[in-house]
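Below, each value reflects all heavy atoms present in this structure, side chains not excepted, and no hydrogens, waters or symmetry copies.
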Amino acid sequence: MLYDKARIFVQGGRGGDGSQSFRREAHVPRGGPDGGDGGRGGGVVMVADPMLTTLIDFRFKREYKAERGGHGSSNQKFGKNGASIELRVPVGTQVTDVATGEVVADFVRPDQREVVARGGRGGRGNVHFVSSTHQTPRFAERGEPAEVLDLRLDLKL
């Protein structure tokens, strides 16, 4: 049986939150801020695979979510970047956003790669907000949300 249409939901990973921490050492009375940045969220990437002929892989699993970014830590440590996920589609697949009707990607070449949902940016830690007048910022940025799309896949033969 030939499956030439599918509808899927894709979501990139949210960015990790920045850290709000302060340096604490013996014999250092005011260590200052040292919060690290959050990691970037993973994206959803589609790849045209010449070995596939139908969209049957999307018949039962319809939701695909990438990994979120890790949170920042003390000592200005960055959070881990989220892993991207890869979806394989046959050559000749057209990807359309259901909400807007806009064509997101059109796979016409083998091994063509397109990012359909980007991950969110990681938030900055409190070390980025230090100034001469505000030496101890007690806040950090939250990670940005990722793209969320409802997609329609059509196999053009």
N/O donor-acceptor pairs under 3.5 Å from side chains in residues 89-96, not counting sequence neighbours:
from	atom 1	to	atom 2	distance (Å)
T93	OG1	P90	O	2.7

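In terms of heavy-atom proximity, R68 sits nearest to G15 at NH2-O, 3.4 Å. A66 and G42 get closest at one heavy-atom pair: CB-O, 3.4 Å.
Surrounding CZ of F78 are at most 12 heavy atoms belonging to other residues, nucleotides or ligands under 6.0 Å away.
Atom CG of D17 is separated from atom CG of D37 by 11.5 Å, given to the nearest 0.5 angstrom.
A continuous path of ILVMFWY side-chain contacts below 4.5 Å connects V115 to V47, so both sit in one hydrophobic cluster. At a threshold of 4.5 Å between side-chain heavy atoms, the hydrophobic network of Ile, Leu, Val, Met, Phe, Trp and Tyr places V44 and F58 in one connected group. Residues L87 and L149 are members of one and the same hydrophobic cluster, defined by side-chain heavy-atom contacts under 4.5 angstrom among Ile, Leu, Val, Met, Phe, Trp and Tyr.
By the side-chain hydrogen bond (donor to acceptor under 3.5 Å, both in side chains) test, S132 pairs with no residue at all, sequence neighbours left out.
Applying the side-chain hydrogen bond (donor to acceptor under 3.5 Å, both in side chains) test between E144 and each of R121, R40, R14, R118 identifies R121 as the sole match.
Using a 3.5 Å distance cut-off with no hydrogens or angles, the side chains of S21 and D34 do pair a donor with an acceptor.
At a threshold of 4.0 Å, the pair E86-R88 counts as salt-bridged, since one of the basic side-chain nitrogens sits closer than that to a carboxylate oxygen. Ion pair D150/R7 flagged as a salt bridge, since at least one NZ, NE, NH1 or NH2 atom sits closer than 4.0 Å to an Asp/Glu carboxylate oxygen. Under the 4.0 Å criterion applied to side-chain N and carboxylate O atoms, D154 and K5 are assigned as salt-bridge partners.
Legend: ring pair (Phe, Tyr, Trp, His ring centres under 6.0 Å) pairs involving residues 99-131, not counting sequence neighbours, sorted by first then second residue: F129-F139.
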